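Structure, as structure tokens:
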There are 2 protein chains.
Amino acid sequence: MVTLAEVAQHAGVSASTVSYVLSGKRSISVGTRQRVERSIQELGYHPNAGARALASSKSNIIALMVPLRTDMYVPVMMEIAIAVATTARTHGYDVLLLTGEEGPDAVRRVTGSGLADAMILMDVELDDERLPLLRRTDQPSVLIGLPADTTGLTCVDLDFGATGALCAEHLAALGHRDIAVIGEAPAVYERHTGFAERTLDGLRSRAREMGLRVLHRPCEGGYDAMAVTLSRIFDERPGTTGFVVQNENAVEPLLALLRQQGRAVPEDVSVIAVCPDQVATQASVRLTSVAIPAQEMGRRAVEHLVAKLDGRGEDDVVLLAPELTVRASTGPAPSGS
Amino acid sequence: MVTLAEVAQHAGVSASTVSYVLSGKRSISVGTRQRVERSIQELGYHPNAGARALASSKSNIIALMVPLRTDMYVPVMMEIAIAVATTARTHGYDVLLLTGEEGPDAVRRVTGSGLADAMILMDVELDDERLPLLRRTDQPSVLIGLPADTTGLTCVDLDFGATGALCAEHLAALGHRDIAVIGEAPAVYERHTGFAERTLDGLRSRAREMGLRVLHRPCEGGYDAMAVTLSRIFDERPGTTGFVVQNENAVEPLLALLRQQGRAVPEDVSVIAVCPDQVATQASVRLTSVAIPAQEMGRRAVEHLVAKLDGRGEDDVVLLAPELTVRASTGPAPSGS
DNA sequence: AAGTCCTGTCGAAGCGCTTCGACAGCCTAT
DNA sequence: ATAGGCTGTCGAAGCGCTTCGACAGGACTT
């Protein structure tokens with residue numbers, strides 16, 4: 001293992017000079033810089049991360065806390081995680097992967113040990129038990145998701161309220177009157193992860209303005225659960241012609257069931273999904289959807305965090321504007337209804 | 001930030017004693033130990049990761065390199081990553097998330113800087129450019145996946161050869177004669193990620209033994225690509241009654257298309273998927289499948305790595321035995337054929 | 001000519017921990 | 001009683017880096 005001192009000796013300068021070449025914190029003459037850089041190359045020097053962290057009290061690591069559950073919106077999580085990792089690298093940071101398993105202790109451990117300089121939390125609940133800790137510590141953090149109380153916090157999320165509204169508008173504009181929302185699994189609502197509620201609220205209030213009737217039903221993914229949910233919906237509101245689906249795992253089952261019941265999409269029934277574009281384009285019907293901009297969220301989270309680490313940037317709630325893409329799953333409401 | 005020295009002072013012992021209490025590397029009297037532990041509690045002490053890494057040349061971090069592409073087998077990747085993270089924690093390690101983006105440079109950077117003590121690589125290609133580096137360094141590593149040459153490497157993977165054979169056997173036993181394999185996207189084969197080939201080889205050789213005719217077609221996921229692929233298959237082999245699907249994104253499209261063509265599953269056509277159980281049970285037909293044991297793979301990889309770090313454990317290729325679960329998508333071949 | 005300011009470099013201190021060798025005190029074997 | 005071996009503790013060195021203050025020498029002022 002090559003050390004700074006060896007590089008210094010090889011280049012005929014002092015250790016501190018090498019350090020300054022590396023960090024650029026003091027001006028160095030061109031000649032010296034080149035000599036040092038050549039030595040670094042030749043010796044294959046890599047600064048030792050531990051020593052660096054110790055001396056500078058900066059680890060250049062961002063901790064990313066992902067939910068432990070692998071049962072929902074997995075592709076979204078993965079995409080965010082990867083966007084976080086790649087964006088972090090472009091700013092010179094590495095990413096430490098924490099699972100929700102440890103809960104608040106993970107926050108304590110990471111901030112206490114100086115393992116990471118900052119954190120990004122995903123899957124934030126409305127009244128998340130990690131939030132008090134975050135507010136108390138002076139370590140910068142960014143949430144992906146929106147808790148009930150955002151004071152003193154920085155959050156990045158899709159504007160789910162507007163998302164719901166957008167869905168309502170689109171269906172209303174097409175002449176639908178009775179619509180059903182297939183929501184996330186009941187567990188999601190119980191955990192009070194806010195996004196599902198926000199979508200629903202946004203949708204409901206716009207629906208009211210536009211004279212739409214809304215029926216909301218949570219749904220575990222999967223064919224069987226969807227079958228039960230769907231038959232209940234049609235029992236209660238036989239005239240339902242529009243669906244908004246927020247649970248990725250319910251999308252295909254819903255399409256399959258509709259087909260099986262002889263209801264054509266989009267001729268008889270329109271379906272909007274709230275999901276990543278990839279899911280929307282790979283479904284058995286190309287789905288009109290509001291995209292969940294996973295990459296964008298990861299990227300923005302990191303950029304905010306880096307800004308904070310650099311002393312720029314303040315607490316802030318960033319809500320990304322939703323975009324609805326019309327594909328083949330929505331159309332005018334059937335004239336009969 | 002509380003330091004070791006402060007704890008020592010608070011407990012009335014020397015710094016080294018506190019260190020030994022923490023590490024257990026020397027025997028400490030019960031009284032002293034308790035006193036120190038209480039001080040640690042009261043002061044809320046957390047050892048500084050950087051200092052520790054510097055002094056001990058151990059970071060207690062495992063690097064996990066995940067593929068950058070988010071276009072395929074995402075749930076599997078995510079599940080592995082999470083299993084790696086949680087298993088690592090139980091052994092006292094944290095996980096650093098690297099994306100494939102940096103390529104071999106990431107390996108150099110991490111081993112060179114002592115950022116991590118060991119690495120786990122996912123999505124290994126048959127002739128991966130990172131392998132020479134891994135062989136050269138003395139840092140332990142484990143691959144999830146199987147390269148062409150495994151000498152000097154430790155690998156964990158599903159036994160895809162046996163997986164293919166298992167699929168062939170199951171279909172043959174049910175009386176099918178003509179089967180089609182819907183493979184991964186062409187890009188996967190071009191990259192020479194071995195698992196797809198291995199599945200196919202295993203399947204083909206067992207099929208030959210059992211008198212099955214096999215048609216293999218790679219397929220991008222998605223409805224449209226699947227439609228093209230499927231019609232080609234039936235053009236070429238109208239008597240095809242069995243399908244083996246290895247691409248998660250092709251599963252639902254295939255089911256939808258078969259349904260649309262009036263071919264009932266499993267009465268007219270049988271389908272086996274190679275996918276995580278979750279996908280198999282949430283599909284629109286409960287799929288007979290060979291599970292991809294993502295959690296198990298992540299866990300085993302970490303355990304091997306920890307064994308190596310502890311000086312136990314040698315290079316080794318671990319192939320997990322596949323298990324086929326019969327669900328509702330396979331049945332006897334129609335008697336007419 | 002002396003004073004002032006840069007620029008580029010160096011030396012040394014210190015970040016918080018681990019670990020080695022030393023050793024005091026006690027117990028046991030002789 | 002003495003030597004030898006344990007057990008439990010301490011002090012000090014050092015891990016590889018950053019960073020502060022010092023300062024030599026040249027370029028400007030006045």
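In the text below, chain A, chain B and the rest are named by the order of the sequence lines, each starting its count at 1. On a predicted model such as this, the values are computed, not experimentally measured, just so you know.
Atom C1' of nucleotide D:dG16 and atom CG of B:Asn48 are separated by 14 Å, given to the nearest angstrom. If you take CD of B:Gln34 and P of D:dT9, they are 12 Å apart, rounded to a whole angstrom. Straight-line distance from the CZ atom of A:Arg35 to the C1' atom of C:dG8: 12 Å, rounded to whole Å. Spacing between atom CG of B:Asn60 and atom P of C:dC17 amounts to 14 Å, rounded to whole angstrom units. The distance between atom CG of B:Leu54 and atom C1' of C:dT18, rounded to the nearest whole Å, is 10 Å. If you take CG of A:Leu4 and C1' of C:dA12, they are 15 Å apart, rounded to a whole angstrom.
For B:Ser16, no side-chain nitrogen or oxygen approaches OP1 or OP2 of C:dC17 to under 4.0 Å. Taking 4.0 angstrom as the limit, A:Ser29 places a side-chain polar atom (N or O) nearer than this to OP1 or OP2 of C:dT9. Side-chain nitrogen and oxygen atoms of A:Ser57 include none within less than 4.0 Å of the OP1 or OP2 phosphate oxygen of C:dC15. Distances shown here put a side-chain N or O of B:Thr17 below 4.0 Å from the OP1 or OP2 atom of D:dC10. Contact annotation: B:Tyr20 does not reach the phosphate of C:dC20 (side-chain N/O to OP1 or OP2, under 4.0 Å). Look at A:Ser14 and you'll find a side-chain N or O under 4.0 angstrom from OP1 or OP2 of C:dC10. The phosphate of D:dT7 (OP1 or OP2) has no side-chain N or O of B:Arg26 nearer than 4.0 angstrom. Contact annotation: B:Arg52 side-chain N/O to C:dT18 OP1/OP2 distance is under 4.0 Å. When the side-chain nitrogen and oxygen atoms of A:Lys25 are compared with OP1 and OP2 of D:dT18, none of them lie within a distance under 4.0 Å. One finds no side-chain N or O of B:Thr3 lying less than 4.0 angstrom from the OP1 or OP2 phosphate oxygen of C:dG16.
For A:Ser56, the side-chain atoms get nearest to D:dT19 when compared with the rest of D:dT19, D:dG14, D:dT9. Comparing atom distances between the B:Ser27 side chain and each of D:dT9, D:dT7, D:dG16 picks out D:dT7 as nearest. Here C:dC17 is the nucleotide among C:dG14, C:dC17, C:dT19 with the atom lying nearest to any side-chain atom of B:Ala51.
Ion pairing between A:Glu101 and B:Arg89 fails under the 4.0 Å rule for side-chain N and carboxylate O. Under the 4.0 Å criterion applied to side-chain N and carboxylate O atoms, A:Asp149 and A:Arg135 are assigned as salt-bridge partners. The residues A:Arg300 and A:Glu303 are annotated as not salt-bridged, no charged nitrogen and carboxylate oxygen being separated by less than 4.0 angstrom.
Remark: the backbone N or O of A:Ser19 is paired with a side-chain donor or acceptor of A:Ser23 at under 3.5 angstrom.
For the pair A:Met1 and B:Ile28, nearest-nucleotide mapping onto DNA chain D gives the more 5' position to B:Ile28.
In the displayed structure, B:Gln9 atom CD is contacted under 6.0 Å by at most 12 heavy atoms of other residues, nucleotides or ligands.
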